[in-house]
Amino acid sequence: MPVMERIQAEVGGHPIVLFMKGTPQFPMCGFSSRAVQALRDAGAEQPYTINVLEEPEIRANLPRFSNWPTFPQLFIQGELIGGCDITLELHESGELQRIVSEALSQ
C-alpha cells in the first residue's frame, strides 16, 4: 500500500491516532511524552500510536499529508488536532477531555 494511503487508513481507522517519536511506554522525546500524558489525562488510556522513528516512509511523508512540519501529530476522528503545544493547550482548557470522550464514545 502506498504510504499516503496507509497514513489515510491509519488516521481514518482509529478514533485517536498519535504519530510520535517512540512508544507511549518509552517516548523518545519530551514533546511526545507530554502529548501521551495529556491524552491519558483526558481519558485516552491507550491511544493508538505510530512510532515515526521505526517508520521512515511515514516520518518523511506525514508532514506533506497533514501540512504540519513537526512531531508528534495528533489526529482525532480523522482530523489533525496539531502537535504537542496545541494538545497541551486543549488539555489545560479541558477541551481535550471533551474531544477524546466524544471520539471514544462513537
Side-chain angles (χ1 to χ4, degrees):
M1 172 183 300
V3 70
M4 295 300 250
E5 289 178 20
R6 178 170 174 223
I7 293 169
Q8 181 62 52
E10 297 287 10
V11 167
H14 305 278
I16 300 169
V17 179
L18 181 65
F19 293 90
M20 64 179 288
K21 293 180 179 177
T23 66
Q25 297 78 17
F26 298 104
M28 299 300 290
C29 80
F31 296 114
S32 291
S33 177
R34 293 172 65 196
V36 167
Q37 189 59 52
L39 283 169
R40 287 181 175 156
D41 289 349
E45 294 293 320
Q46 301 201 1
Y48 183 78
T49 61
I50 295 174
N51 180 353
V52 298
L53 298 176
E54 292 181 353
E55 301 277 355
E57 286 188 12
I58 289 179
R59 183 175 63 243
N61 287 282
L62 186 62
R64 272 192 10 222
F65 175 85
S66 64
N67 200 28
W68 193 267
T70 61
F71 298 99
Q73 291 188 23
L74 174 62
F75 289 80
I76 298 181
Q77 300 285 71
E79 182 179 332
L80 175 68
I81 300 301
C84 179
D85 290 344
I86 292 172
T87 300
L88 292 177
E89 286 179 27
L90 290 171
H91 178 264
E92 289 173 13
S93 73
E95 187 69 11
L96 186 62
Q97 184 173 358
R98 184 189 65 75
I99 296 169
V100 164
S101 178
E102 286 177 7
L104 294 177
S105 69
Q106 295 185 2

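In this chain, numbering begins with 1 at the start of the sequence shown.
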Main-chain N/O of [Y] paired with [X] side-chain donor or acceptor, under 3.5 Å:
X     : Y     : result
Ser32 : Met20 : no
Ser33 : Cys29 : no
Gln73 : Trp68 : yes

Membership question, hydrophobic clusters at under 4.5 Å side-chain separation (ILVMFWY): are [Y] and [X] in the same one?
X     : Y      : answer
Tyr48 : Val3   : yes
Leu62 : Ile86  : yes
Leu18 : Phe31  : no
Leu39 : Leu104 : yes
Leu53 : Val36  : no

To the nearest 0.5 Å, what is the distance between [atom1] on [X] and [atom2] on [Y]?
X     : Y     : atom1 : atom2 : result
Ile50 : Thr23 : CD1   : OG1   : 13.5 Å
Cys84 : His91 : SG    : NE2   : 11.5 Å
Ile99 : Ile76 : CD1   : CD1   : 5.5 Å
Lys21 : Arg59 : NZ    : CZ    : 8.5 Å
Thr49 : Phe19 : OG1   : CZ    : 10.0 Å

- [ ] Output all residues satisfying side chain to side chain donor-acceptor pair (under 3.5 Å) with Ser101, sequence neighbours left out; order by chain, then residue number.
- [x] none
Is the [atom1] atom of [X] crowded by more than 12 outside heavy atoms at less than 6.0 Å?
X     : atom1 : result
Gln97 : CD    : no
Gln25 : CD    : yes
Glu57 : CD    : no

Open item on the list: Would you say that Arg98 contacts Glu95 through its side chain, given a criterion of any heavy-atom pair below 4.5 Å between the two side chains?
Closed with: yes
Open item on the list: Looking at every heavy atom in both Ala38 and Thr87, which two are closest together, and how far apart are they?
Closed with: CB-CG2, 4.0 Å
Task: Minimum-distance pair of heavy atoms, taken over all atoms of Ala42 and Leu96 - done: CB-CG, 3.8 Å
- [ ] Carefully, step by step, assess Gln77 and Gln106 under the rule side chain to side chain donor-acceptor pair (under 3.5 Å).
- [x] CA-CA 9 Å; Gln77 300 285 71; Gln106 295 185 2; 2.5 Å; yes
- [ ] Apply side chain to side chain contact (heavy atoms under 4.5 Å, CB included) to the pair Leu74 and Ile16, showing each step before the final yes or no.
- [x] CA-CA 7 Å; Leu74 174 62; Ile16 300 169; 3.9 Å; yes
Open item on the list: Against Ser66, only a single residue in Leu80, Asn61, Val11 fulfils side-chain contact (heavy atoms from CB on, under 4.5 Å); can you say which?
Closed with: Leu80
Open item on the list: Using 30° and 60° as the class boundaries, would you call the ring planes of Phe65 and Phe75 parallel, tilted or perpendicular?
Closed with: tilted
Open item on the list: Between Arg6 and Glu10 (salt bridge meaning N to carboxylate O under 4.0 Å), is one present in this structure?
Closed with: yes
- [ ] Apply side chain to side chain donor-acceptor pair (under 3.5 Å) to the pair Asp41 and Gln37, showing each step before the final yes or no.
- [x] CA-CA 6 Å; Asp41 289 349; Gln37 189 59 52; 2.8 Å; yes
